[in-house]
Amino acid sequence: MLNKIIQKFTKTPTEKAIEHEGRFVARNYHPLPVILNRGEGVYLWDQEGKKYLDMMSAYSAVSLGHSHPRIVKRLTEQAGRLAMCSRAYHTDTLGPFMEKLVEVTGLDMALPMNTGAEAVETAVKAARLWGYEVKKIPENQAEIIVAEGNFHGRTTTIISFSTEADYRKNFGPFTPGFKAVPFDDIEAVKKAITPNTAAIIFEPIQGEAGIKVPHEGYLQELRALCTANNVLFILDEVQSGLGRTGKMFAYQHENVLPDAVILGKALGGGLLPVSALVGKKEVMGLFKPGSHGSTFGGNPLAAAVGLEALKVLEEEGMVQNSATLGKYFIEQMRGINSPLITGVRGRGLWIGLDFDPARVSARTVCEKLMERGILSKDTHHTVVRFAPPLTITREEIDWALEQLKAVLRDLEGQK
Ligand SMILES: *Cc1c(COP(=O)(O)O)cnc(C)c1O
């Protein structure tokens, strides 16, 4: 009894640290109650030494695993030689990095940025540039079609074309020039196209919306529609790209080539923010000195890390692992019979489980998983994602499945 009372009034080191953070950090996130301080491969450790399997991969930013030794080595080497000098000068790292990006995407030229949102902004600019200079859309009339439920980042222009109230509330006035249509609805896109449409910018699979996979053939249909209407087809693969879905890029599942692709997250090898817009020459060739830029974009440290990340991804067979184990993982998930689960979706090592909100919140599931050593994250209160680093093994997946089943049993029992 006394012990219980003492426990109630003495805080654990974790509780203290969380409270401390709360005093100094703006509350724009609602993290799970854990203080992490180490990562290696697919594992994370908290400050009390407890080990967790990472099923979140920082929204794909850690697709290559935590502190990959080859990438850390390359980072350290480059940091000691030349880390930053701005693009006022040429460097010996940027050309090789962009060449590799062009090679893996099948496109022609690339423009380096830092965060995903900046690369999305670059795509918006590229689309408008092309709209005015090539398609001859009247000045300031260019339109871009986006999908409802999209997530492309948090800048004021990007949230202007979000359809999520949480992302927009009290951040207006918004940037005009965007039209949102339902996702996975080709007729809606067709209807939205006008002579002033410069581009469509879509996620091939909607990540933050809850890993929404469109019907097969959607990307081919979009490609054909864009070609027929002289509209740029731009894909945001910041989260879906670089192996997450079991192919290097999600568009490769349908053998289409977009006019430009937006990359980020995993491109930084889990160590740095590195992003880029990669596109066809007709689009990328329109940027002129002074038209766009970023002080840190394409810096030598980022370029060295980005290139090494792409090499590691290829040479260590991670994309294949994502395809093989992703298929296994989702099949096993589909085999779970729980009244709490109402749906299983995904592609590659990117799976969303829908929970019945009348029975349990996705947040509660994440907290229970955390107790059992699995870190995940809910999205939209009803979806729990399973997106481990692409280096995960079958044994680790089996272990995760056991934990998930145990959590489900516990939660079912509580009803
Ligand atoms: C995360 C994400 C972004 C934004 O990336 P940041 O690095 O957070 O700016 C853009 N598009 C998609 C699809 C994303 O998942």
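Counting convention: from 1, in listed order, for ligands and their atoms alike.
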Polar contacts were defined as any N/O atom of the residue lying under 3.5 Å from an N/O atom of the ligand; does this apply to Val238 and ligand 1? no
Yes or no on salt bridge (charged side-chain N to carboxylate O under 4.0 Å, His left out) for Lys16 and Glu19, after CA distance, side-chain angles and deciding distance? CA-CA 5 Å; Lys16 275 189 202 153; Glu19 208 177 273; over 6 Å; no
Between the candidates Tyr59, Phe151, Phe202, which shows the shortest non-hydrogen contact distance to atom 12 (C) of ligand 1? Phe151
As an exercise, identify every atom of ligand 1 less than 4.0 angstrom from a heavy atom of Glu203. 13 (C)
Nearest non-hydrogen contact to atom 9 (O) of ligand 1 from the set Pro204, Ala209, Ala117, Gly207 belongs to Ala117
What's the shortest distance from atom 11 (N) of ligand 1 to any protein heavy atom, and which residue and atom give it? Asp236 OD2, 2.6 Å
Closest to atom 5 (O) of ligand 1 among protein heavy atoms sits Gly116 CA, 3.3 Å
State whether a side-chain donor-acceptor pair under 3.5 Å links His152 with Glu208. no
Checking contacts now, so for atom 7 (O) of ligand 1, which I'm interested in, is there any protein heavy atom under 4.0 Å? yes
State whether the shortest distance between N or O atoms of Lys265 and N or O atoms of ligand 1 falls below 3.5 angstrom. yes
Please determine if Val120 has a nitrogen or oxygen closer than 3.5 Å to a nitrogen or oxygen of ligand 1. no
Could you check whether Glu367 pairs with Arg363 (Lys NZ or Arg NE/NH1/NH2 to Asp/Glu carboxylate O, under 4.0 Å)? yes
Residue-ligand contact His152/ligand 1, heavy atom below 4.0 Å: yes
Phe174 ring center within less than 6.0 Å of Phe161 ring center: no
For the pair Ser322 (side chain) and Arg244 (backbone), establish whether a donor and an acceptor sit closer than 3.5 Å, ignoring hydrogens and angles. yes
Do His66 and Tyr43 have their ring centres less than 6.0 Å from each other? no
Would Lys51 and Asp46 pass as an ion pair if we require N to O under 4.0 Å? no
